[in-house]
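None of the values given here were measured: they were computed from a predicted structure. Side-chain atoms are counted along with the backbone in the values below, which use heavy atoms only and exclude waters and symmetry mates.
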Amino acid sequence: TYWDLGHSAQTAIWFAQIVGMEYRILHCYANSQEKLHHYIKYVQSLPYTYATHFFPHDASHEQLGSERTIEKQARDALRSVVVIPRVSHKANAIEAGRSLFPLCYFDSKGCSDGISALRHYHYKIDPETGRVSKEPDHDIYSHYAGAWLSLAMSLRKPREKRIQQKQNLPRWLSGHV
């Protein structure tokens with residue numbers, strides 16, 4: 001599963017199966033005004049076997065009124081949880097999300113709300129100048145998009161690993177990574 005977290009805003013989850021270089025997008029779910037327990041129960045109620053649950057960077061933040069982060073709560077209830085580091089440039093995550101589409105097969109019934117949200121995801125537009133912003137609009141469509149970006153970013157190797165791999169290459173090849 002791939003998550004975007006919200007409380008008053010939506011929490012959205014994509015359910016995907018990865019087979020080789022093919023991504024089968026089976027289902028998606030979003031809701032708001034619910035505690036984490038609601039979403040965990042929902043995930044556990046579906047007839048899927050999960051390998052890993054990927055949460056965005058804010059899952060590791062301290063929660064007001066709780067002694068445990070969302071990450072800790074999720075680890076207690078779900079088998080394997082990974083928190084994806086915050087991306088320094090949202091545009092890079094969006095491009096990673098876009099590049100995934102040719103490799104994906106969507107269940108049109110199980111993913112209809114998420115597909116619709118992805119189609120409507122857009123950048124902010126300055127009402128005075130009409131210029132497109134560098135930041136996407138945070139609206140009702142952005143939560144499914146945020147969860148989609150969790151999927152895309154979960155497939156990328158962390159920068160430290162890429163640097164370490166590059167340092168271990170022969171000198172003549174190190175410029176080509």
Side-chain angles (χ1 to χ4, degrees), residues 1-18 23-98 100-101 104-124 133 135-156:
T1 61
Y2 304 88
W3 299 61
D4 182 64
L5 300 170
H7 178 67
S8 56
Q10 285 187 330
T11 289
I13 309 167
W14 286 97
F15 298 79
Q17 179 184 46
I18 301 172
Y23 302 91
R24 299 174 185 167
I25 315 303
L26 308 172
H27 186 68
C28 63
Y29 176 73
N31 206 334
S32 61
Q33 305 291 323
E34 298 287 349
K35 301 288 185 199
L36 182 64
H37 178 73
H38 164 83
Y39 300 100
I40 289 172
K41 277 180 63 176
Y42 182 83
V43 166
Q44 292 172 335
S45 75
L46 296 176
Y48 305 136
T49 302
Y50 303 102
T52 306
H53 303 274
F54 293 90
F55 283 79
H57 68 93
D58 50 351
S60 60
H61 296 178
E62 295 294 324
Q63 298 294 302
L64 193 62
S66 176
E67 294 180 13
R68 299 184 309 151
T69 64
I70 288 175
E71 176 186 9
K72 289 177 185 171
Q73 294 174 60
R75 284 188 194 285
D76 288 348
L78 304 169
R79 204 175 3 196
S80 176
V81 171
V82 171
V83 175
I84 300 164
R86 184 180 190 115
V87 294
S88 55
H89 294 66
K90 188 83 162 200
N92 292 343
I94 291 170
E95 189 53 41
R98 285 180 180 155
L100 250 160
F101 287 120
C104 293
Y105 295 90
F106 289 85
D107 179 303
S108 60
K109 184 179 176 188
C111 299
S112 62
D113 290 343
I115 292 168
S116 177
L118 291 175
R119 285 185 175 137
H120 287 92
Y121 187 57
H122 60 276
Y123 283 93
K124 294 178 187 177
S133 167
E135 290 299 314
D137 200 1
H138 188 78
D139 59 11
I140 61 170
Y141 307 114
S142 63
H143 307 289
Y144 274 120
W148 184 257
L149 300 183
S150 290
L151 168 56
M153 297 312 293
S154 74
L155 302 172
R156 293 205 154 175

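Surrounding OH of Y42 are more than 12 heavy atoms belonging to other residues, nucleotides or ligands, all under 6.0 Å away.
Scored by the ring pair (Phe, Tyr, Trp, His ring centres under 6.0 Å) test, H122 finds no partners at all (sequence neighbours excluded).
The ring pair (Phe, Tyr, Trp, His ring centres under 6.0 Å) test with W148 is passed by exactly one of F106, Y141, Y121: F106.
Checking side-chain atoms of Q17 against main-chain N and O of L26 turns up no donor-acceptor pair under 3.5 Å. Side chain of S142 to main chain of D139: a donor-acceptor pair is present (N/O by atom type, distance under 3.5 Å, no hydrogens or angles). Distance alone, capped at 3.5 Å, is enough to place a donor-acceptor pair between the Y144 side chain and the A30 backbone.
Between Y2 and W14, the gap from one ring centroid to the other reaches at least 6.0 Å.
Note that the CG atom of L149 and the CG atom of L118 stand 8.5 Å from one another [nearest 0.5 Å]. Taking CG from N31 and OG1 from T11, the interatomic distance works out to 8.5 Å, rounded to the nearest 0.5 Å.
Put simply, the side chain of K109 does not reach to within 4.5 Å of the side chain of H27, judged on heavy atoms. Between W3 and V43 there is a side-chain heavy-atom pair separated by less than 4.5 Å. Between Y29 and L46, the closest side-chain pair of non-hydrogen atoms is not below 4.5 Å. Side-chain contact between Y123 and I94 is present, with at least one heavy-atom pair separated by less than 4.5 Å.
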Identify all side-chain donor-acceptor contacts of residues 78-91 below 3.5 Å with residues at least two apart in sequence or on another chain.
unit_1	atom_1	unit_2	atom_2	d
R79	NH2	Y50	O	3.4
R86	NH1	H57	NE2	3.4

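For residues 24-52, the salt bridge (Lys or Arg N to Asp or Glu O under 4.0 Å) pairs, not counting sequence neighbours, are E22-R24.
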